[in-house]
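Following: one structure in structure tokens, then a few remarks.
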Amino acid sequence: AAIAINGGHRVKIEEVRALGARKDIPIYGSYSAARFIRPYINQLMEDGYEGTLRVAGNELTVNDVYDDLRSTIENVHADVIASTNGARNSFINAAEHPIEHALYHNQRGIVDGNAYG
């Protein structure tokens, strides 16, 4: 779909041309999910949540999760958008950011979710 409307009221759309979606997607849709979950993790920190999350045998606090999430989001943005001014054929720098590359690099470049936004 070329247009997604959530909760619209009296919406009128005219003369829309959907010319296709990008075919060289550099990152997985999970990057978007990481960005969207950040405010909820932040709220847990503000509320003083004391639980932990075990990841690969390590106990992580909500602060650990937030810090890791923030740094991976910032590093991917720096590699794919900021360093190239959003140009196509930009990718996560695997040498400088191996964790981000492992998490978000879309090797095949195909859409793995909705093609909007």
Side-chain angles (χ1 to χ4, degrees):
I3 299 171
I5 300 172
N6 297 311
H9 180 71
R10 295 185 181 182
V11 175
K12 182 178 181 181
I13 301 171
E14 295 179 333
E15 299 183 39
V16 175
R17 292 178 60 205
L19 302 175
R22 186 173 172 175
K23 305 254 189 297
D24 61 336
I25 312 301
I27 56 177
Y28 285 127
S30 56
Y31 175 77
S32 176
R35 292 180 56 88
F36 283 119
I37 198 170
R38 194 168 51 171
Y40 299 98
I41 303 296
N42 189 46
Q43 187 63 53
L44 288 173
M45 287 187 341
E46 289 178 9
D47 291 347
Y49 182 75
E50 295 181 9
T52 60
L53 178 66
R54 182 181 297 275
V55 178
N58 298 313
E59 291 288 328
L60 301 176
T61 67
V62 69
N63 291 59
D64 296 331
V65 171
Y66 185 83
D67 290 344
D68 290 347
L69 191 60
R70 186 188 68 223
S71 70
T72 61
I73 288 169
E74 289 174 357
N75 290 339
V76 170
H77 184 271
D79 287 352
V80 177
I81 303 295
S83 68
T84 63
N85 202 24
R88 294 186 188 251
N89 296 323
S90 55
F91 301 96
I92 301 168
N93 185 323
E96 289 185 26
H97 303 121
I99 292 171
E100 292 83 344
H101 190 268
L103 288 171
Y104 304 119
H105 175 66
N106 185 350
Q107 184 174 356
R108 293 193 172 115
I110 59 175
V111 175
D112 67 330
N114 290 325
Y116 70 91

Is the closest side-chain heavy-atom distance between [X] and [Y] below 4.5 Å?
X    : Y   : answer
I110 : I25 : no
Y31  : I73 : yes
V65  : L44 : no

Point-to-point distance, once rounded to the nearest 0.5 Å, from [atom1] of [X] to [atom2] of [Y]:
X    : Y   : atom1 : atom2 : result
I41  : D64 : CD1   : CG    : 11.5 Å
E100 : I27 : CD    : CD1   : 11.5 Å
Y104 : H97 : OH    : NE2   : 12.5 Å
I37  : S30 : CD1   : OG    : 11.5 Å
D67  : T61 : CG    : OG1   : 7.5 Å
L53  : N58 : CG    : CG    : 10.5 Å

Using a cut-off of 6.0 Å, state whether more than 12 heavy atoms not belonging to [X] lie near its atom [atom1].
X    : atom1 : value
E59  : CD    : yes
I99  : CD1   : no
Q107 : CD    : no

### Task
Tell me, with the steps shown, if I13 and I5 meet side chain to side chain contact (heavy atoms under 4.5 Å, CB included).
CA-CA 11 Å; I13 301 171; I5 300 172; 3.5 Å; yes
### Query
Who are the salt bridge (charged side-chain N to carboxylate O under 4.0 Å, His left out) partners of R35, not counting sequence neighbours?
none
#### Entry: salt bridge (charged side-chain N to carboxylate O under 4.0 Å, His left out) partners for E74, two or more places apart
R70
#### Entry: Side-chain H-bond candidate by donor/acceptor type, T72 with N75, under 3.5 Å
no
### Query
Are L103 and V76 co-members of a hydrophobic cluster defined by side-chain heavy atoms under 4.5 Å apart?
yes
### Query
According to a 4.5 Å side-chain heavy-atom criterion applied to Ile, Leu, Val, Met, Phe, Trp and Tyr, with indirect links allowed, do I92 and V111 form part of one hydrophobic cluster?
no
Quick check: closest heavy atoms across [X] and [Y], and the distance to 0.1 Å?
X    : Y   : answer
H105 : Y28 : O-CE1, 2.9 Å
P26  : S90 : CB-O, 3.2 Å
L69  : R38 : CD2-CA, 4.0 Å

### Task
Report yes or no: does D24 contribute a side-chain atom to a donor-acceptor pair with the main-chain N or O of G109 at less than 3.5 Å?
no
